[in-house]
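Below is one structure, written out as structure tokens; comments come after it.
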Amino acid sequence: QNEPIDYLLLTEYPNWKESQMRNFWISSVGRVISKTMDTYYPTKSYAISAAVRAWPYDPAKLIAPQYNGSKASLMPEYVLQRAVTAPVHRHPYYHEILKNCMSHWQEDIATLRPKNIVIMGNAALAAMFPKEQRSILELSDETLFYEGIPVKFVTSSHFILNKPSLKDT
């Protein structure tokens, strides 16, 4: 079995473009996270995971009926583009989406055995701690525990990318 990693960074979800990439963490958000970790924690091992692995789409809006019942990853982008729904945080099935994706990041934790977890954003917070009422900002100075692993909280990486003044926080 591999050595445990120092940090597992649990982001919220990839944006529409990133969700089309097999390795979404090599996107602009992933590059910012990697650059930050490599600059400030060069001796620490880390991995990036996501609370939700893909952008939700509505199968009823598919423009090509031959794709009904197909895996989204096998559909051409132009077909999926028309069926894209609201972002995860505004989606009517938000909590159901988080619950359905739970096994993916739980598997990452079991495989990577992180010494620390960093939650990045409210969707990742809601995925890991569904009963927590405080926001990511309210928890910024707190440490909670998930299965005995210390968990810290920071603002969403997407939010930081869209508000460059926050990159230094």
Contacts of type salt bridge (Lys or Arg N to Asp or Glu O under 4.0 Å), residue [X], not counting sequence neighbours:
X      : value
Lys152 : none
Glu142 : Arg134
Asp6   : Lys115

- Message: Treating Thr111 as the side-chain partner and Asp108 as the backbone partner, does any N or O pair qualify as donor plus acceptor under 3.5 Å?
- Response: no

- Would you say Glu132 and Leu125 make side-chain contact, with heavy atoms under 4.5 Å?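 A side-chain contact under 4.5 Å exists here.
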
- Are Phe145 and Phe153 co-members of a hydrophobic cluster defined by side-chain heavy atoms under 4.5 Å apart? no

Report the distance from atom [atom1] of [X] to atom [atom2] of [Y], rounding to the nearest 0.5 Å.
X      : Y      : atom1 : atom2 : answer
Gln106 : His104 : CD    : NE2   : 10.5 Å
Tyr46  : Ile48  : OH    : CD1   : 6.0 Å
Ser140 : Ile119 : OG    : CD1   : 14.0 Å
Leu10  : Met120 : CG    : CE    : 9.5 Å
Phe129 : Leu144 : CZ    : CG    : 5.0 Å
Leu112 : Leu8   : CG    : CG    : 6.0 Å

What are the two closest non-hydrogen atoms of [X] and [Y], and how far apart are they?
X      : Y      : answer
Ala51  : Ala127 : CB-CB, 3.7 Å
Thr143 : Pro150 : CG2-CB, 3.9 Å
Ile136 : Val154 : CG1-O, 3.2 Å

- Task: Test side-chain contact (heavy atoms from CB on, under 4.5 Å) on Thr11 and Ser49 and set out the steps.
- Result: CA-CA 6 Å; Thr11 64; Ser49 183; over 6 Å; no

- Task: For Glu107, check side-chain hydrogen bond (donor to acceptor under 3.5 Å, both in side chains) against everything at least two apart and list the hits.
- Result: none

- Considering residues at least two apart in sequence or located in another chain, which fulfil the side-chain hydrogen bond (donor to acceptor under 3.5 Å, both in side chains) criterion with Tyr41? none

- Any salt bridge (charged side-chain N to carboxylate O under 4.0 Å, His left out) pairs touching residues 33-50, not counting sequence neighbours? none

